[in-house]
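As the structure lists them, so they are numbered: ligands from 1, and atoms in each ligand from 1.
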Amino acid sequence: MKDIKARILLNRRIGLGYYKMSLDAPYIARTAKPGQFAQIKCSDSFEPLLRRPFSIHRVNRNIEILYETVGRGTEILSNKKEGDKIDVLGPLGNGFTLPRAMNGEPRAIIIAGGIGAAPLVYLAEELTKKKIKTIVLIGAKTKNLILCEKDFKKATPEVYVSTDDGTYGSQGFVSKLFHKILKTTESKFETIVYVCGPHEMLKCIADICQERKFECQVSLEEKMACGIGACLGCAVKTKSGNKLACKDGPIFNANELLW
Ligand SMILES: Cc1cc2nc3c(=O)[nH]c(=O)nc-3n(C[C@H](O)[C@H](O)[C@H](O)COP(=O)(O)OP(=O)(O)OC[C@H]3O[C@@H](n4cnc5c(N)ncnc54)[C@H](O)[C@@H]3O)c2cc1C
Ligand code: FES
């Protein structure tokens, strides 16, 4: 991990309260794995004092983050201009585990709820690079809030969307879409599910995976302070005791968590 002053190459609003930022951070771009995150100092002053965690959304020569404005830090971030410099510490956390070579044809199902899409585009890109069949399910409240559909479609043709209000794609929660997809795309090979989104959604997907005996890796977006395992502020209860979301996570095997 490195603490760098990164130049902002782009900071663009891409939807209702959603922004994409590209940062000149070649070391992080070279070393980050899907599911890892960076701690970003949103403000030059002491307020807010703490850095904020953001998933590595995509990497090329730079890194991208995708964020939603929810409070002071993200509001300040959204007002940054191209050319401004910000403190970025990363890459942090463990990242997703990609399937190893195995008998048969493993398939990955990626499930994104709302801003939970942020860490999953890079994952979809890496899975398809490894020639792993990848299906993506995106859930959003309504049509205007669907994130990354085009980016996911660049990685895999199998992208399905659901909206709670039925304004686009299937109507209902993404867990309902998950059930539907499982019925129509049975696989005799191993299935690995990767999921990020609101807590209730993670739990619901984890339950379905447990019934089906699928491995399920969840990205937990706990509140964090230091981001490097020093403050113990992000403890998560697991079957093997308390773990730190920033250091042992943010990716956990759903079966390990005490929900
Ligand atoms: C590992 C990790 C990766 C993340 N990746 C992304 C990402 O890619 N894009 C993105 O938009 N957000 C992401 N988040 C959440 C992001 O860190 C928070 O939204 C951000 O810190 C809020 O800062 P703020 O100062 O704007 O809001 P604050 O003023 O701190 O809080 C405003 C509101 O947001 C809530 N909030 C704060 N932190 C979180 C959190 N971690 N999860 C859910 N709600 C929170 C608060 O309870 C409060 O209601 C991630 C969090 C973690 C732990
Ligand atoms: S945020 Fe400090 S230990 Fe995890």
Evaluation steps, salt bridge (charged side-chain N to carboxylate O under 4.0 Å, His left out), between Asp151 and Lys20
CA-CA 13 Å; Asp151 294 325; Lys20 207 176 251 191; 3.3 Å; yes

Between Glu149 and Lys153, does any NZ, NE, NH1 or NH2 come within less than 4.0 Å of an OD or OE carboxylate oxygen?
yes

May I ask you to list the atoms of ligand 1 that are less than 4.0 angstrom from any heavy atom of Ile115?
9 (N), 10 (C), 11 (O)

Is it true that Thr156 and Thr128 share a donor-acceptor pair across their side chains at a distance under 3.5 Å?
no

Is the shortest distance from a heavy atom of Leu66 to ligand 1 less than 4.0 Å?
yes

Hey, which protein N/O/S atoms does atom 4 (Fe) of ligand 2 have under 2.8 Å?
Cys234 SG, Cys246 SG

Closest heavy-atom approach to atom 40 (C) of ligand 1 among His199, Glu68, Met224, Glu221 is made by Glu221

Determine if the distance from atom 11 (O) of ligand 1 to the closest protein heavy atom is below 4.0 Å.
yes

Any side-chain donor-acceptor pair under 3.5 Å between Lys141 and Thr163?
no

Polar atom proximity, Glu75 to ligand 1 (N or O, under 3.5 Å):
no

For Glu64, salt bridge (charged side-chain N to carboxylate O under 4.0 Å, His left out) partners two or more places apart
none

Should one rank Tyr19, Phe37, Phe54 by closest heavy-atom distance to atom 1 (C) of ligand 1, which comes out on top?
Phe37

Output yes when the distance from some N or O of ligand 1 to some N or O of Pro48 is under 3.5 Å, and no in every other case.
no

Just distances here: any N/O of Pro53 and N/O of ligand 1 closer than 3.5 Å?
yes

Show which atoms of ligand 1 fall inside a sub-4.0 Å distance from at least one heavy-atom site of Val70.
19 (O), 22 (C), 26 (O), 27 (O), 32 (C), 33 (C), 34 (O)

Can you confirm whether the side chains of Asn144 and Thr142 place a donor and an acceptor under 3.5 Å from each other?
no

Checking heavy atoms under 4.0 Å, the part of Ala118 that sits near ligand 1 is side chain

For atom 44 (N) of ligand 1, is there a protein heavy atom at a distance under 4.0 Å?
no

The test is salt bridge (charged side-chain N to carboxylate O under 4.0 Å, His left out); show your working for Arg72 and Glu75 and say whether it passes.
CA-CA 5 Å; Arg72 187 80 184 116; Glu75 191 60 46; over 6 Å; no

Run the numbers on Asp24 and Arg7 for salt bridge (charged side-chain N to carboxylate O under 4.0 Å, His left out), then give the verdict.
CA-CA 5 Å; Asp24 181 20; Arg7 193 160 48 89; 3.8 Å; yes

Protein heavy atom under 4.0 Å of atom 21 (O) of ligand 1
yes

Give a yes-or-no answer on whether the side chains of Gln36 and Tyr122 include a donor-acceptor pair shorter than 3.5 Å.
no

Going by the angle between their ring planes, with limits at 30° and 60°, are Tyr67 and Tyr19 parallel, tilted or perpendicular?
parallel

Examine the proximity of ligand 1 to His57 and report which part, side chain or backbone, both or neither, has a heavy atom under 4.0 Å away.
neither

Give the numbers and elements of all ligand 1 atoms closer than 4.0 Å to a heavy atom of Arg52.
21 (O), 23 (O), 24 (P), 25 (O), 30 (O)

Tell me whether Tyr67 has any N or O atom under 3.5 angstrom from an N or O of ligand 1.
no

If only atom types and distance count, is the side chain of Ser78 paired as donor or acceptor with the main-chain N or O of Ile76 below 3.5 Å?
no

